[in-house]
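Comments concern the structure below.
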There are 2 protein chains.
Amino acid sequence: MRKTNNLLELDGIDKKILRHLMEDARKPILEIARKIGISGAAIHQRLRKLESTGVISGSKFVINPRVLGYTTMAYIGIYLDRAMSNPRAVGDLKKIPEVLECHYTTGNWSILIKVLCMDNEHLMQVLNKKIQAIEGVSRTETFISLDQQIDRQISI
Amino acid sequence: MRKTNNLLELDGIDKKILRHLMEDARKPILEIARKIGISGAAIHQRLRKLESTGVISGSKFVINPRVLGYTTMAYIGIYLDRAMSNPRAVGDLKKIPEVLECHYTTGNWSILIKVLCMDNEHLMQVLNKKIQAIEGVSRTETFISLDQQIDRQISI
DNA sequence: GGTGAAACTCTACACAG
DNA sequence: CTGTGTAGAGTTTCACC
């Protein structure tokens, strides 16, 4: 790992380690070590450095919501009244568990959110009873994701 | 774990295990075991079952793109010509590494994608040289995410 | 569904080039 | 600095309840 222009550049070994762990966070370090031809301890040291510099921001188990009955995913563009402070609306959105992402965006909307619901009826309730109830929300535009074909991280 | 109406329901122990591992995929199983009051082997059995039933679809190290110089995230709504087959366009999008997500959506667009670029100039190049070059793409609408305040998984 | 034990792996630490 | 070896803790599989 090198620092150039206040920007981190990973070397080949860092990239190989990360490519393995981005696919499977519990892949044995020693298995990766054998493939790369380096000791397990060396990988651990590199991982600690990657964590401390913020390259790695954590690790997650990924849950498949479909199996648990969550079949409707949607993006919702939200128009906020000009007087409304966005941070407060975001605070209200955080309290809605169906809201998985929230972005301040350029363009028509003030905010673009991603929601995950059991079905379309559930989505309708979230829209009408939870999102429209937030102070400052004037109008929304909903885009249901019928199918997600790509879902990946940055390639390194 | 129980199956009701062809839909899986997690019991309290499954939920506790998953809540820990969704936060940190490398959290020691024995640490979780001690908190829950169960053996490590029992957690392993439950995890294997959660994997085989598809509740767990994998695990990931999460990379912070900002540290590597990727500072511009955007959503792009894509209009496709009516004659254009969506699967072919998706195939082309898969080849563009800056495209992280791709959804077929209801509403104005045929496709909504999420892209991650180094900066606005990079985004412009991706738009003009890569996305507009795809056969069938007639028009795009871009929404730059100025700030992402919520990023989480389904709560269980 | 659960346990305990054996073999393997993780992780921290001391130290070498 | 980035690497290695080692020891104690943790993981994972297995036979068994």
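Not measured: the values here are computed from a predicted model. Throughout, protein chains are lettered first and strands after them, A, B, ... in sequence-line order, and every chain is numbered starting at 1.
Between B:Arg48 and the phosphate of D:dT13, there is a side-chain N or O to OP1/OP2 separation shorter than 4.0 Å. In this model, the phosphate group of D:dC1 is not approached by any side-chain N or O of A:Lys49 to a distance below 4.0 Å at OP1 or OP2.
The distance between atom NE2 of A:His44 and atom C1' of C:dC13, rounded to the nearest whole Å, is 13 Å. Residue B:Leu30 contributes atom CG, which lies 14 Å from atom C1' of D:dT13 at whole-angstrom precision. Atoms CG (A:Leu47) and P (D:dG3) sit 12 Å apart, rounded to a whole Å. Rounding to whole angstrom units, CD1 of residue B:Ile17 and P of D:dT11 are separated by 12 Å. The CZ atom of B:Arg46 sits 17 Å away from the P atom of D:dT11 (whole-angstrom rounding). When the P atom of C:dC10 is taken as reference, atom CD1 of A:Ile38 falls 14 Å away, rounded to whole Å. Remark: C1' of D:dG3 and CD1 of A:Ile13 are 10 Å apart, rounded to the nearest angstrom. One can place CG of A:Asp11 at 9 Å from P of D:dT2, the figure rounded to the nearest angstrom.
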**OP:** Please lay out, stage by stage, how A:Leu50 and B:Ile63 fare under the test side-chain contact (heavy atoms from CB on, under 4.5 Å).
**Re:** CA-CA 10 Å; A:Leu50 289 167; B:Ile63 302 302; over 6 Å; no
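Of the candidate nucleotides D:dT11, C:dA12, C:dT11, D:dT11 has the atom lying nearest to any side-chain atom of B:Pro28. Side-chain proximity of B:Gln45 to the nucleotides C:dT3, C:dC10, D:dT4 is greatest for C:dT3. You'll find that the side chain of B:Ile29 is closest to D:dT12, out of D:dC1, D:dT13, D:dT12.
Both A:Ser39 and A:Arg26 lie close to DNA chain D; mapped to their nearest nucleotides by heavy-atom distance, the more 5′-ward contact belongs to A:Ser39.
Here the side chain of A:Arg46 pairs no donor or acceptor atom with the backbone of A:Met1 at under 3.5 angstrom. Checked by atom type and distance alone, the side chain of A:Arg152 pairs as donor or acceptor with a backbone atom of B:Lys94 at under 3.5 Å. Formation of a donor-acceptor pair under 3.5 Å by the B:Asp24 side chain with backbone atoms of B:Arg26 is found in this model.
Side-chain contact between B:Val137 and B:Leu80 is present, with at least one heavy-atom pair separated by less than 4.5 Å.
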